[in-house]
Amino acid sequence: MRVRFGFVAMAMSLKNASPSQTMTLKQFLQIADRDAALRKLTRIAQSNLANSLRVLRHAHASGVHVYRFSSKLIPLFGHDVTSSWDFLGQLREEFAAIGQFVRDKSMRVSFHPEHFTLLNSPDRTVVDSSIGALERHADMFEAMELDVQSKFVIHVGGGYKNKGGALDRFVANWANVPARVKARMTLENDDKTYSAADTLTLCQTVETPMVFDLHHHMCNHEDGQGDVGPLLKPIFATWENTGLPPKVHISSPKDDKDFRAHAELINPADVLPFLEQVREFNQDIDIMVEAKYKDEALFELMRHLSSLPQVKVVDGGTIDYSP
DNA sequence: ACCTGTCAAGTCTGG
DNA sequence: CCAGACTTGACAGGT
């Protein structure tokens with residue numbers, strides 16, 4: 001089975017290449033000349049997009065084919081104060097260049113809209129703004145001319161002291177999500193509220209692929225359900241007909257005291273038992289490395305894996321894990 | 001050069 | 001019912 005590793009947003013190996021430079025609302029409002037402020041936002045976005053392309057080139061040159069964009073590419077995009085401004089028109093060439101590189105090199109890319117994106121909130125305005133945030137991410141993928149294989153991942157949402165009701169509300173609100181957003185959606189188990197089993201059931205109901213997060217599963221699972229083995233087959237089944245390998249997130253706990261936080265690197269001992277389980281399905285997967293050291297953590301993990309007899313290194317971000 | 005406080009968005013806790 | 005924590009990277013302002 002083939003495993004492709006990817007990383008998130010920025011590359012530690014590159015200097016001054018942040019794709020997440022920003023301007024806060026407060027800073028924006030302090031600039032008296034509104035048009036100048038909007039132009040400054042656009043310049044920041046241009047820099048973020050240029051740096052995203054640099055990071056993509058670096059990933060590709062390193063043999064990495066899976067990458068998640070920063071969700072802060074355009075500061076204040078979607079905020080009321082910028083509603084009159086045509087960011088996408090202004091940034092057309094930058095988005096097109098990224099999309100062309102992704103298509104030419106067959107990179108698999110995604111977005112993770114921030115944790116304020118909640119489709120199951122009891123507050124209608126929160127749901128509406130969440131759908132708006134998802135539409136803006138769809139706009140950006142469309143500006144890149146990338147098809148629906150370029151996915152979003154979000155969490156199920158809040159628990160609101162009634163998980164069952166909150167899950168029902170997710171399903172009800174799903175009817176109001178535009179088709180172009182639904183087509184790109186995937187859902188991930190979280191570290192506090194919605195376990196892998198909860199998330200899988202919801203994904204089956206709304207016919208959406210499930211991203212399995214191994215670290216979140218360690219933090220949050222039903223009593224006696226710490227072994228994900230029995231869930232793997234139905235989780236992988238949610239990816240059928242997408243033309244994509246299932247996606248898995250990995251990270252290691254920072255320490256015992258701060259178990260849910262992400263460590264700098266991936267501890268191979270956290271991942272190897274999982275790879276052994278996946279091997280039984282002989283299933284190709286993409287694994288997103290979510291570690292403080294970003295691409296460096298990926299490369300460090302690859303160095304470790306390359307020493308194992310069951311691993312054949314294909315390139316800098318890909319292994320064949322063989323029986 | 002380095003340290004500290006602040007920042008769009010929501011939810012949850014605990015006082 | 002409200003203040004603060006949660007959590008991440010970036011940045012301004014201070015030293």
Determine the Euclidean distance between corresponding [atom1] atoms of [M] and [N]; express it in Å to zero decimal places.
N	M	atom1	result
C/dG9	B/dC12	P	23 Å
B/dA8	C/dG13	P	14 Å
C/dG4	B/dG5	P	14 Å

Quiz item: Reading DNA chain C 5' to 3', what string of ( ), [ ], | and . shows its pairs, if Watson-Crick and G-U wobble pairs count only when both distances fall under 3.5 Å?
Solution: ||||||..|||||||
Quiz item: Taking atom C1' of C/dC6 as reference, at what distance in whole Å does atom NE2 of A/His115 sit?
Solution: 8 Å
Quiz item: Going by 5.5 Å between centroids and 30° between planes, is there a stack of A/Phe116 over B/dG10?
Solution: no
Quiz prompt | Sugar-phosphate only, base, or nothing, as touched by A/Ser70 at under 4.0 Å among non-hydrogen atoms | solution = nothing
Quiz item: Counting any heavy atom closer than 4.0 Å, what does A/Lys254 reach on the DNA or RNA strands: base, sugar-phosphate only, or nothing?
Solution: nothing
Self-check item: Polar side chain donor-acceptor pair, A/Ser71 to A/Glu114, under 3.5 angstrom
Solution: no
Exercise. With the side chain of A/Glu114 defined as its heavy atoms from C-beta on, choose the nearest nucleotide among C/dG9, B/dA9, B/dT11.
Key: B/dA9
Quiz item: Which nucleotide, C/dA10, B/dC7, C/dT7, lies nearest any side-chain atom of A/Gln21?
Solution: C/dA10
Quiz item: Under the 3.5 angstrom rule, does the side chain of A/Ser47 hit a backbone N or O of A/Arg43 as a donor-acceptor pair?
Solution: no
